[in-house]
Visitor: 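Sending over a structure as structure tokens; questions will come in a sec.
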Amino acid sequence: MGSNEIKSPGECMETTPVRGGSSDSLHRKKLGVYFVESDDRRTAIGGGYVLTRGTTPVNIHGKPITNFSKTGGWIAAFFIFGNEMAERMAYFGLSVNMVAFMFYVMHQPFSSSANAVNNFLGISQASSVLGGFLADAYLGRYWTIAIFTTIYLAGLTGITVCATMSVFVPNHADCDQLSLLLGHCEQAKPWQMMYLYTALYITGFGAAGIRPCVSSFGADQFDENSKDYKSHLDRFFNFFYLSVTVGAIVAFTVIVYIQMQHGWGSAFGSLAIAMGVSNAVFFIGTPLYRHRLPGGSPLTRVAQVLVAAFRKRHKSFSSSELVGLYEIPGRHSAIKGSAKIAHTDDFRCLDKAALQLKEDGTELNPWRLCTVTQVEEVKILIKLLPIPACTIMLSVILTEFLTLSVQQAYTLNTHMGHLKLPVTCMPVFPGLSIFLILSLYYSTFVPLSRRITGHPHGASQLQRVGIGLAVSILSVAWAAIFERYRRNFAVENGYEASFLTPMPNLSAYWLLIQYCLIGIAEVFCIVGLLEFLYQEAPDAMRSIGSAYAAVAGGLGCFVATILNNIIKSAMGNEYEGKPTWLAQNINTGRFDNLYWVLTILSVLNFCVFVYAAKKYKYRVEQVVKRGESDVPMVVNPIRE
């Protein structure tokens, strides 16, 4: 019997811990031998029924699904893809148009407009943990999506009203392009900006509730006990990000075209209509969806573990009072919506929360004694943190590209033959590269990489994240090289003061190299991260696990804003005639230096990621076997 088996009380008492030995290693032997089950607290945290390898899917009424052939699968997933496509279209539509709207319509300075949008993007992503918490604790993923997608629609409607009705925008009389650039146009009144910010942050709040739930809810539609489960999950996350990409492509092309031809009101109104239609499609698919029961407040369970471990911090694992590590009997976890989790030897200080002593008696208090599964949940959340934290740097690069590369494009020739591509359409190219890579992923990348790595999916989840981070370094390094060339070209050819005049002899399509590289980086890094977090997170905390990725993206937006502010204050002084790296006139600024800083930071970040990935141990799958005594035992097979 392995050291991580769940042992019966009788077996455990026979395996009494060694005390008083001469070697400390005797006291630090694996704690699995003290893994005791008890009948004392079956419903202290909450009941629930679970499968041996996961949780039982239920219908919208909370009843177990008996006929799996009529629910879930790819058909249900495609309804969810539609919702995500519209949400991403709205998100990217706002991100690419709102800076211009604030600058040209609300007459806000470009730098403050960019920072306001960066903060909106950051808040909408960083607050995703709230949506994940509500989904895992109380509402479930379906109802969380349903509520917050309605809030999202309300916010988009408010922005559309702002762009449509003249009372919400400042007076545009006597405001030509020169006056706008010099900041002489009448700025929006404080109440007008307050209304716009309110509508914008309502939209961000809606996005925060949706983002951590959609990918997890889609993955919930596949049967964990199916032999093709891993293959389906791998393909699902690729198709999921493909829907994200399609939404982004539409935002960068169709929405930009509508704005140029029909105005801001029509552009934002199109986003609201698309969101409304996707909401209707999502609700139509309700009978097909498989649901997971919320497991109660994960924050409470985390707090209980920390408090219980602190209370018993002075207790020894070799104490004569030791009964064992506490777990409820049978295959079912005390946490609704979660299977049991096998004990691990990481973060041994937290194991003291599950340390059952004779003094605990029979009236067990969850703030003094937690189950092993509950303790392992907290361990998993801690172990996951370094991986998404290492993707913050990718988000910083994406955020900088979203604003800075558009400024670069204004100085370049965007003609493609007789077709002139609008500058605001330039961010479509990362989306197109993502679309191409995802289309060729299974036919090209997987077979080639399988020959190299021997991995059935071509590369493991962490390997894909690492590939994405490595490619992002190449992208930002190329951006630095080209920006230096572009700036020198502008100075040498007399365009130094004409930063809004395109240089006919220098094509904007040189930017495609950095765009395509960052698109490839996104495919590998974000898709691999989403799949990694879904599979590694505890069953009852998968929405919070998915929220880790969104929070990392939001922190990247904030880091980009902080970095920009530091550079503006430290590198030059425009009032003294010394332009900063991020000067309004890109030809006198030094965007290339910023890109080199990002390159150095990305290399350091990649080294940290490699170390964290090497240290990380994938969760083992739990397979229940039955012995002669019919006592369930959890063993840890080698992960595929």
Side-chain angles (χ1 to χ4, degrees), residues 114 118 121-122 125-126 241 385-408 427 429-430 433-434 437 459 461-487 510-530 532 548-568 570-571 581-582 589-616:
N118 283 349
L121 300 177
Q125 295 187 77
Y241 209 72
L385 277 174
I387 303 302
C390 289
T391 65
I392 292 175
M393 200 62 226
L394 174 64
S395 179
V396 173
I397 296 172
L398 289 169
T399 303
E400 297 289 14
F401 276 4
L402 194 62
T403 54
L404 302 185
S405 61
V406 170
Q407 286 183 265
Q408 289 176 288
F429 289 104
S433 67
I434 292 172
I437 293 297
Q461 297 148 3
L462 289 180
Q463 285 172 340
R464 280 179 278 164
V465 174
I467 291 171
L469 294 178
V471 175
S472 71
I473 296 173
L474 299 178
S475 175
V476 73
W478 167 259
I481 293 170
F482 175 70
E483 171 55 21
R484 183 176 180 83
Y485 176 81
R486 187 211 62 77
R487 182 181 180 276
W510 284 105
L511 294 174
L512 294 190
I513 296 177
Q514 68 196 55
Y515 279 146
C516 291
L517 287 174
I518 202 65
I520 294 171
E522 275 194 86
V523 169
F524 284 99
C525 185
I526 305 302
V527 175
L529 180 65
L530 288 173
F532 169 77
Y548 272 13
V551 170
L555 291 176
C557 295
F558 290 131
V559 170
T561 300
I562 293 170
L563 182 62
N564 290 349
N565 290 335
I566 292 174
I567 287 175
K568 285 179 183 178
M571 302 299 174
W581 288 2
L582 298 176
R590 295 304 303 265
F591 282 20
D592 55 325
N593 288 346
L594 172 60
Y595 286 143
W596 282 123
V597 169
L598 293 176
T599 302
I600 294 170
L601 293 176
S602 297
V603 171
L604 295 175
N605 177 74
F606 180 75
C607 294
V608 173
F609 170 79
V610 171
Y611 175 79
K614 282 183 172 294
K615 296 286 288 184
Y616 186 83

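Remember, predicted model here, so these are calculated numbers, not experimental data. Numbering starts at 1 and runs along the sequence shown.
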Visitor: Does some side-chain heavy atom of Ile567 sit less than 4.5 Å from a side-chain heavy atom of Val597?
Guide: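 A side-chain contact under 4.5 Å is absent here.
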
Visitor: Do Val527 and Gln461 make a side-chain contact, defined as non-hydrogen atoms from C-beta onward lying under 4.5 Å apart?
Guide: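 In short, these two side chains do not touch, never coming nearer than 4.5 Å.
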
Visitor: Work out which heavy atom in Asp592 is nearest to a heavy atom in Ala480; give both atom names and the distance.
Guide: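 For Asp592 and Ala480, the tightest heavy-atom pair comes out as CB-O, 3.6 Å.
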
Visitor: Are the side chain of Thr561 and the backbone of Cys557 linked by a donor-acceptor contact shorter than 3.5 Å?
Guide: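 Here the side-chain-to-backbone pair exists.
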
Visitor: CG of Leu462 to SG of Cys390: how many Å apart, nearest 0.5 Å?
Guide: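 Separation between the atoms: 10.0 Å.
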
Visitor: So, taking the atom named OG1 in Thr399 and the one named CG in Asn564, what distance separates them when rounded to the nearest 0.5 Å?
Guide: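 Atom-to-atom, Thr399:OG1 and Asn564:CG are 9.5 Å apart.
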
Visitor: Let me know which of Ile518, Leu394, Ile520 forms a side chain to side chain contact (heavy atoms under 4.5 Å, CB included) with Val471.
Guide: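 For Val471, the side chain to side chain contact (heavy atoms under 4.5 Å, CB included) check succeeds only for Ile520.
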
Visitor: So how far is it from Leu404 CG to Ile397 CD1, rounded to the nearest 0.5 Å?
Guide: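 It is 12.0 Å, given to the nearest 0.5 Å.
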
Visitor: Less than 4.5 Å apart, side chain to side chain, heavy atoms only: is that true for Glu483 and Arg590?
Guide: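 No, every pair of side-chain atoms sits at 4.5 Å or beyond.
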
Visitor: Evaluate the side-chain proximity of Tyr515 to Ser475: yes if any heavy-atom separation is below 4.5 Å, no if none is.
Guide: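 No, every pair of side-chain atoms sits at 4.5 Å or beyond.
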
Visitor: Between Glu522 and Tyr241, do the side chains contain a donor N or O and an acceptor N or O under 3.5 Å apart?
Guide: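 Looking only at side-chain atoms, Glu522 and Tyr241 do form a donor-acceptor pair, the distance falling under 3.5 Å.
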
Visitor: For the CG atom of Leu598 and the CG atom of Asn593, what is their distance to the nearest 0.5 Å?
Guide: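 Those atoms lie 11.0 Å apart.
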
Visitor: Kindly say whether the aromatic ring centers of Phe532 and Tyr616 come within a distance under 6.0 Å.
Guide: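 Ring-ring flag for Phe532/Tyr616: true, centres closer than 6.0 Å.
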
Visitor: Would a 4.5 Å heavy-atom cut-off, applied to side chains only, mark Ile513 and Phe482 as touching?
Guide: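 With C-beta onward as the side chain, the pair stays apart.
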
Visitor: Rounded to the nearest 0.5 Å, what separates atom CG in Leu594 from atom OG1 in Thr599?
Guide: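 Here the rounded value is 9.0 Å.
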
Visitor: Side chains of Ile387 and Phe609: closer than 4.5 Å at any heavy-atom pair?
Guide: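 When only atoms from C-beta onward are counted, Phe609 and Ile387 do touch, with a gap below 4.5 Å.
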
Visitor: Compare all side-chain heavy atoms of Met393 with those of Leu601 and state whether any distance is below 4.5 angstrom.
Guide: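 Touching, per the 4.5 Å side-chain cut-off.
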
Visitor: State, to 0.1 Å, how close Cys525 and Leu469 come at their nearest heavy-atom pair, and which atoms those are.
Guide: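 Scanning both residues, the minimum pair turns out to be SG-CD2, 4.0 Å.
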
Visitor: If I compare all heavy atoms of Leu530 with all of Ala549, which pair ends up nearest, and what's the gap?
Guide: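 Leu530 and Ala549 have their closest heavy atoms at CD2-CB, 4.0 Å.
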
Visitor: Between atom CG of Leu398 and atom OG1 of Thr391, what is the distance when rounded to the nearest 0.5 Å?
Guide: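 Reported to 0.5 Å precision, the distance equals 10.0 Å.
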
Visitor: Taking all non-hydrogen atoms of both residues into account, name the closest pair between Phe606 and Gly466 and its distance.
Guide: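 Closest pair (atom of Phe606, atom of Gly466, distance): CE1-O, 3.4 Å.
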
Visitor: For a 4.5 angstrom cut-off between non-hydrogen side-chain atoms, does Val465 reach Phe524?
Guide: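 Sidechains of Phe524 and Val465: no contact.
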
Visitor: Would the distance check show the side chain of Arg487 and the main-chain N or O of Gly589 forming a donor-acceptor pair, the cut-off being under 3.5 Å?
Guide: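 Yes: the side chain of Arg487 pairs with the backbone of Gly589.
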
Visitor: Under 3.5 Å, is there a donor-acceptor pair between the side chain of Ser395 and the main chain of Gly553?
Guide: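 Checking the backbone N and O of Gly553 against the side chain of Ser395, a donor-acceptor pair under 3.5 Å is found.
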
Visitor: Looking only at heavy atoms, what is the nearest atom pair of Gly468 and Ala521, with distance?
Guide: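 Residues Gly468 and Ala521, closest heavy atoms: O-CB, 3.1 Å.
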
